[in-house]
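Read through the structure below, which is laid out as structure tokens, and then see the notes.
As the structure is a computational prediction, the values presented were derived from the model and not from experiment. Start at 1 and go down the list; that is how both ligands and their atoms are numbered. Just so you know, these numbers use all the heavy atoms, side chains as well, and skip hydrogens, waters and symmetry mates.
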Amino acid sequence: MKKIKSLIEARDRLLGRNLSVAYERPLHIVRGSMQYLHDDEGRRYLDAYNNVAHVGHCHPKVVAAGQQQLELLNTNTRYLSDLILQYSERLSATLPEPLRVCFFVNSGSEANELALRLARAHTKARDLIVLEHAYHGNTTTLIDISPYKHDGPGGEGAPSWVHMSPLPKSEEDAQHVVELAGKLRSQLCGFIAESMPSVAGQIIFPDGYLARVYEAVRKAGGVCIADEVQTGYGRIGTHFWAFEKYGVVPDIVVLGKPIGNGHPIGAVITTRAIADSFANGMEFFSTFGGNNVSCAIGLKVLEVVQEENLQAHAHEVGERLLKGLRELQRRHEIIDDVRGSGLFIGVELTRESTPASIEAARVVNQMRERGILLGTDGPHHNVLKIRPPMPFSQANADELIAALDLSLLAVEDERK
Ligand SMILES: Cc1ncc(COP(=O)(O)O)c(C=O)c1O
């Protein structure tokens, strides 16, 4: 406890004060192993939250690939290398044609920034359609296109080139984008959305919505950008990429978080035509993007996802989790909705038709005390977010359900 207190004091003194710390009793995590995290007192926590450690915290094969490459060479894309080519080939093979040209950077934010540059170079236009509550990254421009930030605390609203469309409840809601695109015409650069909006509360689009949106955006001359930073790499179980669920093919796909399993890698994959519009004479260079160590790690993560059949595993475990959560929903009035696909799940809590934000935070803290790590999301922070490292097992799913049952009972008792 003393140690935790001194760490918090030191953070306050040494770091920017708008960093947040999870949980009422913050954790000092010192070790990770697959779907588990260990604190400084040797307690083990089941991680049901950290999607970045996609194939598992410190997966031995990924660690070995990074170590071996670190001992050999780590330099940039101005030298020829097999690794970046093998990685690009293997990565683009997971995507449909004509998504075949890869760019590597160091984060999801950098990847979204680059996606915007590609879209602007290709369309020679600037205006962008974004979705309500979306988050696409931490840079100046990305805050501009992220209503979750620019409409939230400290935000200054959207600039005039950003147009927000509501989160859809039915296919018909595509009409909003259709009308916007029709109005903007040659000013329209494109549309960007997470294929399953995560920050907005683990949302799955209604059937037919994205297809109608993509059609309208393209008709107006814009490009369609899929932010797959949270949803890609088999997490949703039924498909490798979340956009595939809706039968659409984006023009630009943005990747981050899971592809480096914690090592900072971002990537953008696009069509040859868009990549060629961007190749206008100005060199593109990222000092660390596509370096040998990142490529060795990125390649190994992808190999592990495929060799260990993690997509099928996410599907099976996700089905069990969803079933268990729906059973809990029948017994706990506070659970308003259970939604998701594979290991991308949201549990929305409401009380008397209002978002149960305080209760959601209490549940998450209860779960932490029971040794299971969850988070909250959604505009009102009332959606329990379940998106564990992919090795999360059937037994882990049962553990989570049992602990959530007790935590909900405890939170309901607190209110009495
Ligand atoms: C959907 C989405 N896009 C982009 C980003 C930005 O990625 P990064 O934090 O790696 O810059 C995030 C990060 O949370 C995200 O959730």
Quick note on ligand 1: atoms under 4.0 Å from a heavy atom of S107 include exactly 10 (O), 11 (O)
Per-atom filter on ligand 1: closer than 4.0 angstrom to a heavy atom of G137 are 6 (C)
Assign the ring pair F240 / Y233 to parallel, tilted or perpendicular, where the plane angle (0 to 90°) is split at 30° and 60°. tilted
Angle class for the F205/Y209 ring planes (parallel below 30°, perpendicular above 60°, tilted otherwise)? tilted
May I ask you to check whether Y214 and Y246 place their ring centers less than 6.0 Å from one another? no
Write out the residue and atom name of the closest protein heavy atom to [atom], then the distance separating them to 0.1 Å.
atom	answer
atom 12 (C) of ligand 1	Y135 CE2, 3.7 Å
atom 9 (O) of ligand 1	S109 OG, 4.3 Å
atom 10 (O) of ligand 1	G108 N, 2.9 Å
atom 4 (C) of ligand 1	H136 O, 3.3 Å

Ligand 1 N/O within reach of [X] N/O, cut-off under 3.5 Å:
X	answer
E194	no
Q230	yes
V199	no

Minimum heavy-atom distance between R43 and G371, given as atom pair plus value: NH2-N, 3.2 Å
So which heavy atom on N261 is nearest to which on V55, and how close? OD1-N, 2.8 Å
Residue-level breakdown please: for K257 versus ligand 1, do any non-hydrogen atoms fall below 4.0 Å on the side chain, on the backbone, on both, or on neither? side chain
For atom 15 (C) of ligand 1, which candidate among T231, V229, I192, N112 holds the nearest heavy atom? V229
Among V52, D377, D227, which one has a heavy atom closest to atom 3 (N) of ligand 1? D227
If you measure only the distance, is there a donor-acceptor pair under 3.5 Å linking the side chains of E308 and H59? yes
Is the terminal nitrogen or CZ of R78 (NZ for Lys, CZ for Arg) located under 6.0 angstrom from the six-membered ring centre of F285 and within 45° of that ring's axis? yes
What verdict does the salt bridge (Lys or Arg N to Asp or Glu O under 4.0 Å) test give for R368 and E24, after you've listed the backbone C-alpha separation in whole Å, the side-chain angles of each residue and the deciding distance to 0.1 Å? CA-CA 9 Å; R368 173 244 185 267; E24 281 164 12; over 6 Å; no
